[in-house]
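Since the model is a prediction, treat every value here as computed from it, not as a measurement.
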Amino acid sequence: MRDPAPRVLAVIPARGGSKGVPGKNLAEVGGVPLVARAVHACRTARLVSEVLVSTDDPAIAEAARTAGATTVERPAPLSGDTATSEAAVLHALDTDEARHGRLADVVLLVQCTSPFLTADDVDGVTAAVLEGADTAVTAAPFHGFLWRDLATGATPSSGHGVNHDAAHRPRRQDRPEDLLETGAAYAMRGDGFRAVRHRFFGRTALVRTDPARVLEIDDPHDLARARALAPLLDRNEAPGARRPGPGDVDAVVLDFDGTQTDDTVQIDAEGRERVSVHRGDGLGIAALRDAGVPLLILSTEQNPVVTARARKLCIPVLHGVDRKDEALKQWCDEQGVDPARVLYAGNDANDLPCFALAGWPVAVASAHEPVRRAARAVTTAPGGRGAVREIASWLLGPDLKSPHRP
């Protein structure tokens, strides 16, 4: 019997109390609560199996669930000012094992206070542990000269070079590179973390991240800086980026493989293919159809599975298409729809020509990085796991009952 896939649990500690910034974990950066930003980074990471927010605060729990995380109520003894993040992660790890009957292979500690954490950072520390490290941490290149003030109560201030000889000032390129721990994401072997109860043990991998994105929110000034930087750094990474609403879109066109499925396929002995789809996606498509939104499935693959799915959803399909952008333009002409008001959802490089044509190119969370960068919006949910349902909620509202047009 084949071993099950590694289970990777991302734990986000987010207690309600904060003295430096009251209500910090619900403070908004780029229009999104910090806890939701952390959840988004983890949910859009390709290697994470589940995202769990540990909190003692009902409002934080609600924001976390809205962002797509599972929550666990943190006991009072683990919620005070002196409680450690490790204690919260250990409690969450035990809770997760009780729910799933299996200890997570890798457990992550992800901090809400690092608002510009990316899915690539999360995948980076996870991959390092899956590939053999015991622990991993995000770290940014640092080239500064560190000093320590040796002053005591009776001694005048005296500076001491920490990472350099004060009498020798080598050029930046002649100095060894130092790495600054960012405080954003840590990954640990599940069994090892439970045994030592600390985030660092054995061999620690240093996963380099962009120093421009390193910011920890500890006081109101940090929060103000984060809010000022968000328009420059968020682009498509943050869940609060501009998304289409009811008045923005006249038609929805959907890729199939990797957008309505998880991009995997099972083949039986006779060569028949099976794919997995999400019931919520079907509900979202039905709601869009009932609201009168023109819909189309557009796929490069010539596959009976695509036809069967389109027939079940009662929407048209074009498949076996080499030039998807040409097919999309022709369909828009036939429907009398302006391509600038079409939402096109995809996940891979063959969707990029359609992204250039459609006014609302949308990447599912599991899309390849060039597609994510080219998108105008990115879903929180991966392909085949509710991304289309999420898109429908943008256009119709979370209950899928709001009219498409005012």
Side-chain angles (χ1 to χ4, degrees), residues 244 246-263 265 272-364 367 371 375-377 379 381 383-396 400-405:
D248 295 322
V249 171
D250 289 337
V252 174
V253 179
L254 304 168
D255 173 47
F256 188 73
D257 291 314
T259 300
Q260 299 181 62
T261 77
D262 62 3
D263 217 15
V265 63
R272 291 187 294 262
E273 294 187 0
R274 293 178 179 272
V275 298
S276 176
V277 296
H278 194 277
R279 288 190 181 278
D281 286 347
L283 181 66
I285 288 172
L288 289 168
R289 186 190 63 222
D290 293 345
V293 181
L295 293 157
L296 174 70
I297 294 176
L298 183 56
S299 176
T300 304
E301 291 290 324
Q302 179 77 42
N303 195 320
V305 173
V306 184
T307 303
R309 181 61 174 165
R311 184 169 56 247
K312 182 175 177 61
L313 296 172
C314 301
I315 62 174
V317 58
L318 295 173
H319 60 136
V321 176
D322 291 330
R323 287 292 305 274
K324 296 175 76 171
D325 55 333
E326 292 181 357
L328 175 59
K329 187 177 186 309
Q330 181 177 341
W331 181 80
C332 289
D333 290 342
E334 293 170 353
Q335 297 294 316
V337 174
D338 182 355
R341 295 184 58 81
V342 170
L343 185 152
Y344 180 93
N347 79 302
D348 213 333
N350 62 351
D351 295 307
L352 290 174
C354 290
F355 271 32
L357 179 64
W360 280 100
V362 174
V364 296
V371 180
R376 192 172 176 183
T379 65
R385 292 173 60 185
V388 178
R389 167 64 170 80
E390 182 179 338
I391 290 169
S393 73
W394 298 349
L395 305 180
L396 303 175
L400 300 183
K401 294 181 181 178
S402 301
H404 174 55
R405 294 177 177 82

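Of the inter-residue distances, the one linking Leu395 atom CG with Trp360 atom CH2 reads 9.5 Å to the nearest 0.5 angstrom. In this structure, CG on Leu296 lies 10.0 Å from CD on Glu334, to the nearest 0.5 angstrom. The OG atom of Ser276 sits 5.5 Å away from atom CG of Asp262, with the distance rounded to the nearest 0.5 Å. Distance check: Asn347 CG to Thr261 OG1 gives 7.5 Å after rounding to the nearest 0.5 Å. Ile391 contributes atom CD1, which lies 9.0 Å from atom CG of Leu288 (distance to the nearest 0.5 angstrom). Of the inter-residue distances, the one linking Leu298 atom CG with Leu318 atom CG reads 6.0 Å to the nearest 0.5 angstrom.
At least one side-chain heavy atom of Leu254 sits under 4.5 Å from a side-chain heavy atom of Ile285. A 4.5 Å side-chain heavy-atom check between Phe355 and Val362 finds every atom pair outside the cut-off. Using a 4.5 Å heavy-atom cutoff, the side chains of Asp338 and Cys332 are not in contact. Side-chain contact between Pro361 and Tyr344 is absent, with no heavy atoms from C-beta onward closer than 4.5 Å.
A donor-acceptor contact closer than 3.5 angstrom links the side chains of Asn350 and Thr300. Using a 3.5 Å distance cut-off with no hydrogens or angles, the side chains of Thr307 and His319 do pair a donor with an acceptor.
The two residues Val364 and Gly258 have their closest heavy-atom pair at CG2-O, 3.6 Å. The heavy-atom pair separating Gly346 from Ala367 by the smallest distance is O-CB, 4.2 Å.
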Mind listing the side-chain donor-acceptor pairs of residues 383-390 below 3.5 Å, one per line with the distance, residues two or more places apart or on another chain?
{"from": "Arg389", "atom 1": "NH2", "to": "Pro398", "atom 2": "O", "distance (Å)": "3.2"}
{"from": "Glu390", "atom 1": "OE1", "to": "Thr380", "atom 2": "N", "distance (Å)": "3.0"}
{"from": "Glu390", "atom 1": "OE1", "to": "Ala381", "atom 2": "N", "distance (Å)": "2.8"}
{"from": "Glu390", "atom 1": "OE2", "to": "Thr380", "atom 2": "N", "distance (Å)": "2.7"}
{"from": "Glu390", "atom 1": "OE2", "to": "Thr380", "atom 2": "OG1", "distance (Å)": "3.4"}

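Under the 3.5 Å distance criterion, the side-chain polar atoms of Arg341 are matched with a main-chain donor or acceptor of Gly247.
With sequence neighbours excluded, no residue satisfies salt bridge (Lys or Arg N to Asp or Glu O under 4.0 Å) with Asp348. Taking Ile297 as the reference, Phe256, Gln260, Val306, Ala310, Leu313, Ile315, Val317 meet the side chain to side chain contact (heavy atoms under 4.5 Å, CB included) condition, with sequence neighbours excluded. Checked against salt bridge (Lys or Arg N to Asp or Glu O under 4.0 Å), Lys324 has the following partners two or more places apart in sequence or in another chain: Asp255, Asp351. For Asp322, there are no salt bridge (Lys or Arg N to Asp or Glu O under 4.0 Å) partners two or more places apart in sequence or in a different chain.
In Gln330, the CD atom is not crowded: 12 or fewer heavy atoms of neighbouring residues, nucleotides or ligands sit closer than 6.0 Å.
Between Asp333 and Lys329 a salt bridge is recorded (basic side-chain N to carboxylate O distance below 4.0 Å).
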- Task: Could you please spell out the steps behind the side chain to side chain contact (heavy atoms under 4.5 Å, CB included) verdict for Leu283 and Leu400?
- Result: CA-CA 9 Å; Leu283 181 66; Leu400 300 183; 4.0 Å; yes
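Sequence neighbours left out, not one pair with a member in residues 280-297 passes salt bridge (charged side-chain N to carboxylate O under 4.0 Å, His left out).
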